[in-house]
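Just so we're clear, the structure is a prediction, and the values are computed from it rather than from any experiment. Letters go in sequence order (proteins before strands), and every chain restarts at 1.
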Amino acid sequence: MTGIRVYDTLSGDKRTLEPIEPNKIRLYACGVTPYDNSHIGHARCYVAFDIVYRYLKLAGLDVTYVRNFTDVDDKIINRANERGMKAVDLAEENIQAFYRDMDALSIARPDQEPRVSTSMPQIIALIERLIGNGMAYASEGDVYYAVEKFQSYGKLGKRTLEDMQAGARVEVSEKKRHPMDFALWKAAKPGEPAWESPWGQGRPGWHIECSAMSMHAFGPCVDIHCGGQDLIFPHHENEIAQSEGATGQNFVNYWLHNGFVNVDNEKMSKSLGNFFTIKDVLQRYEPQVLRLFMVSTHYRSPINFSDAALDEAADRIAYFYETLRKLDAFLDQAGGVGAPFGPLPGEAFLEEFEARFREAMDEDFNTLRVLGQLAEAFKLANEVLMMRKAKQLPNALAAAKLLREKLAYADTVLQLFGADPADYLDRHKTKAAARRGLSLDWIAEKVGDRLVARSEKNWAEADRVRDELLAAGVVLMDGAQGTDWMVKDVRDAAPAAE
RNA sequence: GGCGGCGUAGCCAAGUGGUAAGGCAGAGGUCUGCAAAACCUCCACCCACCGGUUCAAAUCCGGUCGCCGCCUCCA
């Protein structure tokens, strides 16, 4: 028993996470087919499961995380042919790009990352086992899974074979015994990469690799298997059929599926062509912004992608880092002020921080509740920063130190506050200005003009320059050290109504 | 057609049968040359609608309406 409750797609309910082996978690995530750049749907998926992975570790579990690359696939072969290159090279190129995106988003590397191209023996062995069991049959160089042989086929997608055939859009092949039978092995066509097998030259079908890799890494059963909601059927359904059909044992104890990224309230998908790559988004926004955006909706619900939503996240992260910058400066300069006395500001909140964080995350990784907690933490930080009276300094400093610790604790999972605040704010301002089509030089010039006017107490001119900047989206903040500025990302909240 | 999900303030969005988190926007205040930032206060007698179960429901059950997804490659 772990006290962690997770929503499991198969049972349709939240269930307490009970590891197969005490204190150990076998976690498998379906990886990408590296035929193109990764998009924000991938970002959502792998951020969501990165948080799962990091949280389970924080909760003291010994987690082994496996995520595959489906690097042998029609789409890769077709794309490589279009570009006149070898499929392996295209896959490798996209895998490297995938790593750049994932690393930028602070998504931890899994413990193992098997590839189809290097897992052929396991895949072939599994297919042979299924044929031996009578669950699969060879047919003219292909091998198909006989869905009718698997009693509970359809249990994950909650539909029966009859349901599926009713709306069937599946092409009927004469090689198949049942229209829903799916390929485990495909005979090689001319010019395609192929591997030797008992059924001749060929390559694996789509779903078999995850069954083979998962069972190779973990044995017949894993604790958690996750992926996007679109994989429930047919991919995960077929994995269940393959794995359980081979072993006769339960394959996965908890199925976790993340919701889609929508664009304009419509599903973002490759076929609709309305997708954004991670690379493009990261040119306009810092990775922390995208990460915050992703955790600002529960991972199972759909999330709507828009500039307005990213702008709001960008402002929020800027607020976090602005506070951290001040907090760090305070901690740096406020040494040797004596011992704290009496209750610290926010003492109860600070004491309960970890427990509350755990409670929220235990409830199916409820990052929203954590965000509420962060709101409190940053308010407290700013409050502490205002306690500048000498007598209060020891307590303010002690609270500030604790706050930094608590935020670091939460950040082992969230990965939002790892950057140097000053560096982050520089990058943020550069990108925020660019988004508004403003040059940093122009802003600096205007700020300079206004400083001159202010030093002459020419308030009318100072205000005029400030209004000019404001109209462009730049907000000024006069302080003791001079004038700082920020780009106000959030425009009028009202969307364009028709 | 079959199956699944959703409908919470102007917007985004949590909500674990016990009396509505949080963010944005908005209003007032502290601070300030004036502002901004920051902080404080306020901002849903109510959770699409109708009925039911219960001492008690946004939360459970049934129905109605609306939206979305899956049934084909997709995270």
At 4.0 Å (heavy atoms only), tell me whether Arg454(A) reaches a base, stays on the sugar-phosphate, or touches nothing. base
Considering only atom P, compute the distance from A21(B) to C42(B) and round it to an integer number of Å. 12 Å
Could you let me know what A37(B) is paired to, Watson-Crick or G-U wobble, both distances under 3.5 Å, or none if it's on its own? none
Can you classify the ring geometry of Tyr319(A) versus Phe378(A) as parallel (below 30°), tilted (30 to 60°) or perpendicular (above 60°)? tilted
Geometric cation-pi criterion, Arg44(A) with Phe260(A): 6.0 Å, 45°: no
For the base of G33(B) and the side-chain ring of Trp459(A), does the geometry meet a stacking cutoff of under 5.5 Å between centres and under 30° between planes? yes
Derivation of the side-chain hydrogen bond (donor to acceptor under 3.5 Å, both in side chains) call for Tyr35(A) and Asp74(A): CA-CA 9 Å; Tyr35(A) 75 100; Asp74(A) 287 347; over 6 Å; no
Provide the distance between the two C1' atoms, one in A14(B) and one in A58(B), to the nearest whole Å. 12 Å
What nucleotide among G33(B), G23(B), A75(B) has an atom nearest to a side-chain atom of Glu312(A)? G23(B)
Grab the CG-P distance between Asp315(A) and C12(B) for me, whole Å please. 18 Å
Can you tell me how far C1' of C73(B) sits from NZ of Lys186(A), to the nearest Å? 10 Å
Going by an N to O cut-off under 4.0 Å, is there a salt bridge joining Arg15(A) and Asp8(A)? yes
Please state the P separation for the pair G22(B) and A44(B) - nearest whole angstrom. 12 Å
Nearest heavy-atom contact between Arg54(A) and Ser106(A) is NH2-O, 2.9 Å
Which nucleotide sits closest to the side chain of Arg450(A): G2(B), A14(B), C34(B)? C34(B)
Identity of whatever pairs with A9(B) - Watson-Crick or G-U, under 3.5 angstrom: none
Base, sugar-phosphate alone, or nothing: which one does Gly41(A) contact when heavy atoms must sit under 4.0 Å apart? base
Nearest to side-chain heavy atoms of Lys379(A), which nucleotide of C39(B), A14(B), A75(B): C39(B)
State which of C34(B), G22(B), A75(B) makes the closest approach to the side chain of Arg466(A). C34(B)
From C39(B), A75(B), A14(B), nucleotide with atom closest to Leu368(A) side chain: A14(B)
Within-4.5 Å side-chain heavy-atom neighbours: Val6(A) and Phe365(A): yes
Taking the C1' atom in each of U53(B) and G17(B), what is the distance between them to the nearest angstrom? 12 Å
Reading RNA chain B from 5' onward, which residue's closest nucleotide shows up sooner: Gln373(A) or Asn382(A)? Gln373(A)
With sequence neighbours left out, the residues meeting ring pair (Phe, Tyr, Trp, His ring centres under 6.0 Å) with Phe275(A) are His39(A)
For Asn265(A) and Arg159(A), find the nucleotide of RNA chain B closest to each by heavy atoms; which residue's nucleotide sits nearer the 5' end? Asn265(A)
Among all residues two or more places apart in sequence or in another chain, which pass the ring pair (Phe, Tyr, Trp, His ring centres under 6.0 Å) test with Tyr53(A)? Tyr65(A)
What orientation do Tyr424(A) and Tyr321(A) show, parallel under 30°, tilted 30 to 60°, or perpendicular over 60°? parallel
Using both distances under 3.5 Å as the test, list the Watson-Crick or G-U wobble partner of C3(B), or none. G69(B)
Scan residues 348-356 of chain A against RNA chain B and write down, sorted by residue number, each residue with any heavy atom closer than 4.0 Å; if none is found, say none. none
Side-chain N or O of Ser301(A) versus OP1/OP2 of A14(B): is the shortest distance under 4.0 Å? yes
Between Tyr99(A) and Glu113(A), a side-chain donor and acceptor under 3.5 Å: yes
What's the gap between G66(B) and A57(B) when it is taken at their C1' atoms, as a whole Å value? 22 Å
Using salt bridge (Lys or Arg N to Asp or Glu O under 4.0 Å) as the criterion, list what pairs up with Glu461(A), not counting sequence neighbours. Arg464(A)
Interface residues of residues 316-327 of chain A with RNA chain B (non-hydrogen, below 4.0 angstrom): Arg316(A), Tyr319(A)
Roughly how many Å apart are G7(B) and C47(B), using the C1' atom of each and rounding to a whole number? 10 Å
Considering only side-chain heavy atoms of Ala375(A), which listed nucleotide, G22(B), C70(B), U16(B), is closest? G22(B)
Please report, rounded to the nearest Å, how far the C1' atom of C70(B) is from the CZ atom of Phe260(A). 7 Å
Under 3.5 Å, which N/O atoms of the protein pair with N/O atoms of nucleotides 7-9 of chain B?
none

Taking a pair as Watson-Crick or G-U wobble with both distances under 3.5 Å, which nucleotide is matched to C43(B)? none
Got a salt bridge between Glu376(A) and Arg356(A), using NZ or NE/NH1/NH2 to carboxylate O under 4.0 Å? yes
Quick one: Asn304(A) CG to A13(B) P, roughly how many Å, whole number? 7 Å
Look at the side-chain N and O atoms of Lys267(A) and state whether any lies under 4.0 Å from the OP1 or OP2 oxygen of C70(B). yes
Take atom C1' in A13(B) and the same atom in C24(B), then report the distance between them in whole Å. 11 Å
U54(B) and G62(B), which share atom name C1', separated by this distance in whole Å: 16 Å
Closest to the Met386(A) side chain, choosing from A75(B), A38(B), G33(B): A38(B)
Test side-chain contact (heavy atoms from CB on, under 4.5 Å), reference Leu290(A), set Ile317(A), Leu105(A), Asp101(A), output is Leu105(A)
Any strand: nucleotide that pairs with G62(B) via Watson-Crick or wobble, under 3.5 Å: C50(B)
Verify the distance criterion only: is there a donor paired with an acceptor across the side chains of Asp73(A) and Thr70(A) at less than 3.5 Å? no
Should the pair His207(A) and Phe182(A) be assigned to parallel (<30°), tilted (30 to 60°) or perpendicular (>60°) ring geometry? perpendicular
Return the value, rounded to whole Å, for the distance between atom CD1 of Ile232(A) and atom C1' of C73(B). 16 Å
Taking any strand in view, what nucleotide pairs with G18(B) in a Watson-Crick or G-U wobble way, both distances under 3.5 Å? C55(B)
Among the candidates A75(B), A14(B), C34(B), find the nucleotide nearest to the side-chain atoms of Asp478(A). C34(B)
